2 protein chains.
Amino acid sequence: MTKVVDKKATIRDVARVSGVSVGTVSRSLNVPETVKPETLSKVRAAIRSLDFQPDVRAQNMRRRSTMTVGFVIDDIANPWHASCFKAIDAELRQKGYSLYLMSTHGQASEEAAALDMLQHGRADGMIMTINNEQDARTIKRLKELRIPAVLLDRDIPLEIDAVLTEHAPGLRQATNYLIELGHRRIAIITAGSDIRPGRERVRGFVEAFERAGLPVPRDLIRSQSLSADYGFREATTLLQMPERPTAIIAAGNRILAGVLRAMQQQGVSVPQDISLIACDRSDIAMLYPGPITLIDRPVEEIGRTAAQLLLERLDGSNARPAQRISFPTHLIMGGSCLPVRR
Amino acid sequence: MTKVVDKKATIRDVARVSGVSVGTVSRSLNVPETVKPETLSKVRAAIRSLDFQPDVRAQNMRRRSTMTVGFVIDDIANPWHASCFKAIDAELRQKGYSLYLMSTHGQASEEAAALDMLQHGRADGMIMTINNEQDARTIKRLKELRIPAVLLDRDIPLEIDAVLTEHAPGLRQATNYLIELGHRRIAIITAGSDIRPGRERVRGFVEAFERAGLPVPRDLIRSQSLSADYGFREATTLLQMPERPTAIIAAGNRILAGVLRAMQQQGVSVPQDISLIACDRSDIAMLYPGPITLIDRPVEEIGRTAAQLLLERLDGSNARPAQRISFPTHLIMGGSCLPVRR
DNA sequence: GCATAAAATTGAAACGTTTCTAAGTTAGAG
DNA sequence: CTCTAACTTAGAAACGTTTCAATTTTATGC
């Protein structure tokens, strides 16, 4: 029991106890090499005896920084986002940053609120995946952003760093693989054209048919949302078509869950009844009844890169032009595709 | 284009422009009902024209709070934690709090680092699931904690609020169900006895046998870790036993993924070759080849309750004794269990 | 031992709020 | 019209750091 009323010690207490000035204590903490070893040890002794810890709030105020970065996404329960978060966190934490996680639930209003929050001294930077590349509110905020930001897989005509995935070639490859297996009635379910992954995936899908000189099955393109419900609904109607597809590309993490649920409900099995290709690794994609053939992308590297881009801006020289870094996808062969039945 | 060099406006600028004192501006912002309507509108006009936003860092410093809560867990890629985070976030956000997400990767050192971080002015409170209830470093920090905290599913002999799950009755019920299906060689794979879920689950498992007057299959209790790898390893050896179990309880989210991988690798199918019970809802548990029978718990309610307990402490009166709130589990019937073959 | 340069330290001034006391203003009662 | 009480407001003092100019101490070279 040291003291009865021990309000938290401040740097002034340390100065008093060690018999030096507050400036010296501060320097001992931040640039110890500029203080005489003898003094340093006095200060350190005082710090120990008082159990002093600098008040982070005061530091933030004075340094005009918070060592905090906001990660803004629609849903952390999406395993891809969770993995991405982990990669970003690992990279930033070793530089002393902590992460705010802000879920927007796909709502433009929450997105706007999150950006407003982060703007004014709550975070030093942000990494985000916005819900709609055309949303005026969000665009406005991004334009007026006072802190550095990195976009994940989104395309905005602004000077903002971005880390992208080459979805189109990935989808082209996957679609082509199905075509070579003899499939013609291939469906794709993915995000809407209001976000880059939706646009690019559909583009790759279409290109594959065009390059193969085949008609594009426009009626099988379902491109509106990344949600599990959307995947479920669209898969359900696709499976009930008179001439139903022989293969489905579930291009989205959550979509896959919905698609599988629909298949289960309709008693359709993979790959016997229908071929299936997924996007991004996930428990379910890798385990289902067996591993599903999927279009993978290096999520850890993507996260790490985003963090590094942000760090470059945070570490002072804000001067370089916005950068866009792209990562390719890889088709991982699982057991969910069979040659089409004659 | 309003100004060329517009450093961020401060409350002093607002005071100057609106012709009142800084104190009045502050009151206009925080307790508008104490300022004359006339004055208020002058101030608001100035705020608008300057595009003034209070600096959060300065507010934090002065108010000695940050409106931030830390959520400390081992891995956000665990879908249960992700769901829990969402519930907590929803509850806290509407009171104006933001959440730090800190992943400890199950490492005691990272856990200690996270607690230290949060202690000194970075967060106003914390909600956490620690990795080991016996770890001296963590216990020490918890004992000296200067901010309110809520433990999730952990049992520590300290005055700390906690939200718990009644794992034992849940496991007893699940085990009993298997026993009634004729199973005797039932295995359980779960966490170690260093955390409450591990202890309680094993306890419930054992009790079920005892109450049924049956010998407890001690050789089939694998209780060491919640990781997917552990699940994989233990399932692999269990499946290779000469007299292998006829049912496995994969008591843990990640464990289930490991167990399923092992089964897949060994060509064992559920439920034909072996019965399976899981814990907690997840994509994989609900979709596998069909929904797996599982011991569910109300994750949203658990998260919400934890948030509410914390809010009670944050909202001033720190006075009530520590509270422990328990939630029951429910057995959800899937199709992963069959009567044991004669 | 002195002059000078280098190293170390001091002490005060920020940083942008909130809050508190004192002072000023307004309204109602007599 | 005056007095008092109730509102409002002004202005300064924190909050706990960092930083910077000024000063003091120490080291170096001759």
Side-chain angles (χ1 to χ4, degrees), chain A residues 6-44 46-47 50-68 96 117 119-124 146 316, chain B residues 6-44 46-47 50-68 96 117 119-124 146 316:
Chain A
D6 60 337
K7 299 195 54 89
K8 210 160 169 306
T10 75
I11 205 173
R12 287 208 155 72
D13 298 321
V14 177
R16 190 170 31 73
V17 169
S18 52
V20 302
S21 75
V22 290
T24 301
V25 177
S26 179
R27 276 169 35 247
S28 304
L29 255 21
N30 301 312
V31 271
E33 62 276 17
T34 70
V35 15
K36 196 159 62 165
E38 204 179 311
T39 315
L40 194 56
S41 56
K42 270 194 302 183
V43 172
R44 290 202 167 139
I47 287 176
L50 290 170
D51 192 24
F52 166 79
Q53 290 284 140
D55 183 298
V56 177
R57 288 174 298 240
Q59 290 181 317
N60 290 346
M61 150 107 211
R62 182 56 225 225
R63 295 175 171 161
R64 5 196 42 43
S65 87
T66 56
M67 296 306 278
T68 292
M117 266 223 132
Q119 291 276 12
H120 304 286
R122 211 172 293 258
D124 297 348
R146 324 179 80 116
Chain B
D6 59 340
K7 300 197 50 93
K8 212 159 168 305
T10 76
I11 205 173
R12 287 207 154 74
D13 298 321
V14 176
R16 190 169 32 74
V17 170
S18 53
V20 302
S21 74
V22 290
T24 301
V25 177
S26 178
R27 276 171 33 247
S28 304
L29 255 21
N30 301 313
V31 270
E33 62 276 16
T34 69
V35 16
K36 197 159 61 166
E38 206 180 309
T39 315
L40 194 56
S41 56
K42 270 193 303 184
V43 172
R44 289 200 167 140
I47 287 177
L50 291 170
D51 191 25
F52 167 78
Q53 291 284 140
D55 183 298
V56 177
R57 289 175 296 239
Q59 289 182 320
N60 290 346
M61 150 107 212
R62 185 53 225 225
R63 294 174 172 161
R64 8 195 42 47
S65 87
T66 55
M67 296 306 279
T68 293
M117 259 218 141
Q119 292 275 10
H120 305 286
R122 211 173 294 257
D124 297 347
R146 323 180 82 116

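Naming: A, B, ... by sequence-line order, numbering from 1 per chain. The model shown is predicted, which means the values in this text are computed figures rather than measured ones.
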Over how many whole Å does the gap from K8(B) atom NZ to dC15(C) atom P extend?
14 Å
Minimum heavy-atom distance D13(A)-K8(A), with the two atoms named:
OD2-O, 4.2 Å
Taking everything shown except E38(B) itself, do over 12 heavy atoms lie less than 6.0 Å from its CD?
no
What is the distance from CZ of R16(B) to P of dA10(D), rounded to the nearest Å?
15 Å
T24(B) side-chain N/O to dA10(D) phosphate OP1/OP2 under 4.0 Å
yes
Does any N or O donor sit under 3.5 Å from an N or O acceptor when you compare the side chain of R62(A) with the base of dT17(D)?
no
Would you mind telling me which residue lines up with the more 5' stretch of DNA chain D, G19(B) or A58(B), judged by nearest nucleotide?
G19(B)
Which one, dT18(C), dG16(D), dT8(D), comes nearest to the side chain of R63(B)?
dT18(C)
How is R57(B) classified with respect to the nucleic acid when contacts are heavy atoms under 4.0 Å: base, sugar-phosphate, or nothing?
nothing
For N30(A), answer base if it contacts any base atom (sugar-phosphate contacts may also be present), sugar-phosphate if it contacts only those atoms, and nothing otherwise; contact means non-hydrogen atoms under 4.0 Å.
sugar-phosphate
Give one of base, sugar-phosphate or nothing for T10(A), where a contact means two heavy atoms less than 4.0 Å apart.
sugar-phosphate
Hey, which sits more toward the 5' end of DNA chain C by its nearest nucleotide, R27(A) or R12(A)?
R27(A)
Winner on side-chain proximity to S21(A), out of dC15(D), dT17(C), dT10(C), is dT10(C)
Could you give the distance from CG (L29(A)) to CD (Q53(A)), rounded to the nearest 0.5 Å?
9.0 Å
Compare the minimum distances between each of dA8(C), dT18(D), dT10(C) and the side chain of S26(A), then state the nucleotide with the smallest one.
dT18(D)
Taking the minimum atom-to-atom distance to the side chain of M61(A), which one of dT9(C), dC15(C), dT19(C) wins?
dC15(C)
Side chains of S28(B) and T39(B): closer than 4.5 Å at any heavy-atom pair?
no
Select one nucleotide: of dT8(D), dT9(C), dA14(C), the one nearest the side-chain heavy atoms of K36(B).
dT8(D)
Ignoring backbone atoms, test whether Q59(B) places a side-chain nitrogen or oxygen under 4.0 Å from the OP1 or OP2 oxygen of dT18(C).
yes
Flag, side chain of R64(B) to backbone of M61(B), donor-acceptor distance under 3.5 Å:
yes
